[in-house]
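Keep in mind that the numbers below use all heavy atoms, side chains included, and drop hydrogens, waters and symmetry copies. Everything quoted here is computed from the prediction, not taken from an experiment.
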Amino acid sequence: MSQSLKDKTVKGLAWSSIERFSTMFIQLAVNIVLARILMPDDFGMVAMLAVFIQFSQAFIDSGFSNALIQRKNRTNVDYCTVFYFTIAISTLLYIILFFTAPLISRFYNMPQLTEVARALGLGLIIGSLAAVHKTRLSIELKFKVQAVISLLSAIISGAVSITMAYNGYGVWALVMQSLVSLGSQTVLVYILGTRWFPGLIFSIRSFKELFGYSSKLLLSSLLHLLYRNLYPIVIGKRYAATELGYYNRADLLSTMSITSITLVLSKVAFPIFSSIQDDNAKLRIAYSKYISYASLVVFPAMLGISALAKPLVVVAMTDKWLAAVPMLQILAASCLFDHITSINLNVLYVKGRSDLALKLEIIKKSIAIAILFAMMPFGIIAICWGQFIYNIIATILNTRYTNMLIGLPFRAQMRDFMPYLGCSIVMAGAVWGITYVVESYPLQLAIGIPLGVLLYIATIYIFMRSSFIEFSDMIRRNFIHK
């Protein structure tokens with residue numbers, strides 16, 4: 001990569017990492033406090049509605065955010081067209097959700113869901129008001145502004161939800177956490193973010209051109225959401241809300257770290273690498289580095305969570321959540337290769353091949369749904385193992401088109417990430433052993449976490465000294481000296 005591209009990438013990664021991880025830690029702390037106050041069925045109730053909210057959000061975006069970023073010669077007409085589309089579709093979807101809320105309640109046999117759904121759905125309209133503005137911030141590489149907005153909204157919404165939970169509002173504390181977060185982001189993006197305001201413009205031509213690219217992304221997103229949300233639908237319908245609450249918290253704890261990392265990578269990589277989309281040599285080098293750096297962090301994080309799942313759950317959320325421990329162990333391990341999958345999909349988006357991304361999603365999700373229904377008769381733990389199996393298959397499938405488009409095969413990617421996986425397995429084995437030697441859960445964490453960090457750093461330094469020095473120099477130059 002050129003020095004200019006390196007500087008933009010590192011600066012973007014720095015601020016996106018600050019945004020994502022500071023927000024993640026605040027949200028994690030808030031969720032831990034809420035989990036200690038609220039009951040599993042409160043979380044299960046919101047998880048049941050998350051299915052409908054997420055599908056609605058996918059329709060509202062319709063892939064237009066990525067279409068605007070990928071488009072080389074975007075205009076104000078494009079921005080205005082997308083802005084008014086998101087407002088119109090979010091309003092329409094809320095009206096549909098409002099009138100179908102009683103049907104959702106009857107499906108789950110929970111009358112309270114009607115009012116909860118109608119309140120939670122307001123977030124669709126609130127979020128749509130800032131969707132294009134957030135996209136502009138990414139295009140303009142204003143990651144520092146995004147960091148401030150995300151951090152402030154997480155603090156405000158967290159304070160409101162904890163206050164409500166302490167005062168006995170139950171599930172409504174979770175509803176307000178979502179609405180206040182979206183509302184804060186919308187207000188702050190207008191105050192601190194881009195100074196752009198939409199004109200009274202809507203172009204059918206612009207819409208058609210953008211939708212030609214974004215429609216495939218929309219269908220891909222819907223397929224992925226169908227797969228992800230089949231789990232809460234199946235578990236919520238087949239088992240009690242409490243069981244879904246256990247799964248929901250395990251899924252949240254296992255995916256929070258990996259989601260943050262992949263979001264940072266995609267957020268920075270997509271706008272920057274779209275600018276070099278025609279240079280395959282630069283793309284190969286850049287994506288190879290991204291795989292290495294992400295693996296350096298992801299593998300120890302996910303295997304560490306799996307090894308320390310029991311003390312983490314008991315200390316953070318009390319022993320009423322013990323049933324979530326085996327789910328967390330399996331789901332954390334199943335997330336090991338999510339960053340590889342995300343980076344490979346990013347190649348298709350950068351190259352403008354949303355058609356290939358859609359084809360890939362159809363193949364993968366057909367396999368995923370088959371695995372889910374095969375595991376369903378054997379219980380929730382078997383369902384979690386099914387996710388692990390699917391993620392391995394998805395990782396291999398995702399590399400096929402990357403090789404075809406920029407000449408980066410799976411074997412080359414394995415050379416980038418396998419050493420980090422090996423070092424992480426050694427670390428996790430040692431940490432897991434601590435849980436059998438030490439009886440106290442707090443002590444297991446107090447010993448296991450620093451031991452794991454030191455052991456991982458030591459193995460990386462011994463077996464991959466050049467990579468360790470390169471990464472340390474990058475951190476020192478761009479995160480400490482600047």
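Rounding to the nearest 0.5 Å places CE of M376 at 14.0 Å from CD1 of I371. One finds the CD1 atom of I126 at 6.5 Å from the CG atom of L182 (value rounded to the nearest 0.5 Å).
Panel note: side chain D78, backbone T75; a donor-acceptor pair is recorded below 3.5 Å. Formation of a donor-acceptor pair under 3.5 Å by the S105 side chain with backbone atoms of T114 is found in this model. Panel note: side chain S161, backbone G158; a donor-acceptor pair is recorded below 3.5 Å. With hydrogens and angles disregarded, no donor-acceptor distance shorter than 3.5 Å links the side chain of S206 to the backbone of F202. In terms of modelled atom types and a separation under 3.5 Å, the side chain of T81 and the main chain of S203 share a donor-acceptor contact. Checking side-chain atoms of N167 against main-chain N and O of T163 turns up a donor-acceptor pair under 3.5 Å. A donor-acceptor pair under 3.5 Å links the side-chain atoms of S157 to the main chain of S153, judged by distance alone. Judged by distance alone, the side chain of S90 and the main-chain N or O of I87 form a donor-acceptor pair under 3.5 Å.
A pairwise comparison of heavy atoms in I380 and Y247 identifies CG2-CD1, 4.3 Å as the closest pair.
No side-chain heavy atom of F337 sits less than 4.5 Å from a side-chain heavy atom of V298.
Ring pair F85/F207 is tilted by interplanar angle, where 30° to 60° counts as tilted.
Within 6.0 Å of OH on Y166 lie no more than 12 heavy atoms contributed by other residues, nucleotides or ligands. Heavy-atom contacts from other residues, nucleotides or ligands closer than 6.0 Å to OH of Y190 number more than 12.
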